[in-house]
Amino acid sequence: MPVTILLEKKYIPLANYFSGATNSSIKLTFSEIEQIMGQNLPNAAYLNKSWWKKVKAPAKHFHAWVDAGYFVTTVEPDRFVVFERIDSTNGTGTGTDEEDQDILLIRTAEHGDARSLAALQKTVESESDYMLYAKDERTQSTQKVRKQIIEWKQSGHSTIILAILNGQHVGFLMIIGNDAKRAAHRATIELGLQKGAQGKGIAKALLKKAEEWSKEKGISRLEVSIVEENEAARNLYEKAGFKSEGIREKSMMIDDKPHNELYLAKFLD
């Protein structure tokens, strides 16, 4: 849904979240709303219930949900907000049976995502047998992750894409580009997804967003390496159009046993 009202940039992800929603009622904690936005809510949102109930100018933030057909019905300060979809024809709830539909938002990371992203990386690494880092092998501080997000955004050739499911960070895809002109057309990707969020098409959505972003930046080749035994990852990438380009033998040590890595790449049309 195109944003017709000039929103502050910080509220655009929230508008995109609601535009993709079909639920008749959505309950979000303040923390979940800030995770969707990638930034903090203003103090007024914490102090005044009236901030959420505004529907007239000069305020504009409310368009993030009102333009998608939602209105705030309940506010518990510093706890949660309930948004209800209103049927424009009769002013009543939609009455649909879509209460439990997942709402997925895919967007690039902002510096305000640092804390959640650091925690997400730790979770994914603890759940996976095939990530580069094993459980608790590295410490990702919020400051370090924030610095990385900012530096990559400034570089223009690298970024982090987030998957936010029902207000929670559940997956990420890193695009790592190159400064050298001779390699500026290619980038390496790294994808991580929580186990509980798998099987919902989220990895596919992250790859789609990664290709869109890469094309905008003039990147025409994406590369990825996976552990040879990781059949789920191999199937994901091959279905997305990646092709195997070779094997790096005994390049990963997992539980003190050598494993081969498979190189895959895709040329973007």
Side-chain angles (χ1 to χ4, degrees), residues 104-109 113 117 120-121 123-125 127-134 137-138 140 145 148-149 151-164 169-195 197-255 257-269:
L104 177 65
L105 176 66
I106 305 292
R107 63 165 174 79
T108 54
D113 293 306
L117 178 55
L120 174 61
Q121 287 178 298
T123 298
V124 170
E125 288 170 354
E127 294 178 339
S128 175
D129 294 325
Y130 300 118
M131 300 295 285
L132 177 61
Y133 290 96
E137 187 176 347
R138 65 168 174 169
Q140 283 282 68
V145 174
Q148 183 183 54
I149 293 171
E151 289 179 348
W152 281 14
K153 286 178 71 71
Q154 292 174 342
S155 75
H157 56 59
S158 300
T159 195
I160 302 172
I161 298 171
L162 296 174
I164 302 168
H169 288 59
V170 298
F172 63 86
L173 188 151
M174 297 184 177
I175 303 176
I176 308 166
N178 295 278
D179 289 319
K181 290 183 178 180
R182 293 179 178 180
H185 68 290
R186 71 173 192 251
T188 300
I189 63 173
E190 177 184 338
L191 191 155
L193 186 63
Q194 286 185 2
K195 277 191 175 181
Q198 294 174 9
K200 299 176 180 288
I202 297 174
K204 182 179 179 181
L206 283 167
L207 282 173
K208 180 181 178 183
K209 181 68 173 180
E211 291 188 16
E212 293 172 352
W213 186 91
S214 297
K215 289 178 181 179
E216 291 175 0
K217 300 298 182 179
I219 296 171
S220 59
R221 173 185 164 93
L222 293 179
E223 304 171 346
V224 65
S225 62
I226 60 173
V227 176
E228 193 173 21
E229 292 88 350
N230 192 349
E231 292 294 333
R234 184 169 183 171
N235 290 336
L236 169 70
Y237 290 116
E238 288 182 344
K239 286 181 179 180
F242 285 74
K243 295 183 179 180
S244 176
E245 293 190 337
I247 293 176
R248 183 161 63 174
E249 295 185 358
K250 300 180 180 180
S251 58
M252 289 272 284
M253 296 295 293
I254 302 175
D255 295 329
K257 295 180 181 179
H259 292 260
N260 298 338
E261 281 183 286
L262 182 67
Y263 279 114
L264 300 103
K266 179 178 181 178
F267 289 98
L268 306 180
D269 298 326

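Since this is a predicted model, take the numbers as computed values, not measurements.
- Taking all atoms of both residues into account, the shortest heavy-atom contact from Ala240 to Leu207 is CB-CD1, 4.0 Å.
- You'll find the side chain of Glu223 stays beyond 4.5 Å of the side chain of Tyr263, heavy atoms only.
- Inter-residue side-chain proximity for Gln148 and Ile160 is flagged as met; some heavy-atom pair is nearer than 4.5 Å.
- Scanning both residues, Tyr130 and Met252, for their nearest heavy atoms gives O-CE, 4.1 Å.
- Smallest separation of non-hydrogen atoms from Ala109 and Ile149: O-CG2, 3.8 Å.
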With salt bridge (charged side-chain N to carboxylate O under 4.0 Å, His left out) as the test, would you mind laying out the steps for Arg221 and Glu245 before giving the verdict?
CA-CA 13 Å; Arg221 173 185 164 93; Glu245 293 190 337; 2.6 Å; yes
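- The minimum heavy-atom distance between Gly246 and Leu262, with the atom names listed, is O-CD1, 3.5 Å.
- Atom CG of residue Leu268 and atom OG of residue Ser214 lie 6.0 Å apart, to the nearest 0.5 angstrom.
- Annotation: the span from His259 atom NE2 to Glu228 atom CD amounts to 10.5 Å, rounded to 0.5 Å.
- Proximity of a side-chain donor or acceptor of Ser158 to a complementary backbone N or O of Gly177 within less than 3.5 Å is detected.
- Side-chain contact between Asp113 and Arg107 is present, with heavy atoms from C-beta onward closer than 4.5 Å.
- Counting only N and O atoms by type, the side chains of His157 and Asn178 include no donor and acceptor under 3.5 Å apart.
- Remark: the backbone N or O of Ser225 is not paired with any side-chain donor or acceptor of Glu261 at under 3.5 angstrom.
- Pro258 places a side-chain heavy atom less than 4.5 Å from the side chain of Met253.
- Contact of the Val224 side chain with the Glu190 side chain is not registered, since no non-hydrogen atoms from C-beta on lie closer than 4.5 Å.
- Between the NZ atom of Lys204 and the CG atom of Leu236 there is a distance of 9.5 Å, given to the nearest 0.5 Å.
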side-chain contact (heavy atoms from CB on, under 4.5 Å) evaluation trace for Leu120 with Gln194:
CA-CA 8 Å; Leu120 174 61; Gln194 286 185 2; 3.4 Å; yes
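- To the nearest 0.5 Å, atom CD of residue Glu231 and atom CD of residue Glu238 are 8.5 Å apart.
- Nearest heavy-atom pair across Leu264 and Tyr237 is CD2-CB, 4.4 Å.
- Across all non-hydrogen atoms, the minimal contact from Phe172 to Met131 is CZ-CE, 4.3 Å.
- By the 6.0 Å contact criterion, CG on Asp255 is open, its count of non-hydrogen atoms from other residues, nucleotides or ligands being 12 or less.
- Atoms OG1 and CH2, on Thr108 and Trp213 in that order, are 9.0 Å from each other to the nearest 0.5 Å.
- In this structure the side chain of Gln121 reaches within 4.5 angstrom of the side chain of Met174, judged on heavy atoms.
- Looking only at side-chain heavy atoms (C-beta outward), Ile161 and Thr159 come within less than 4.5 Å of each other.
- Atoms CG and CG, on Leu162 and Leu173 in that order, are 10.0 Å from each other to the nearest 0.5 Å.
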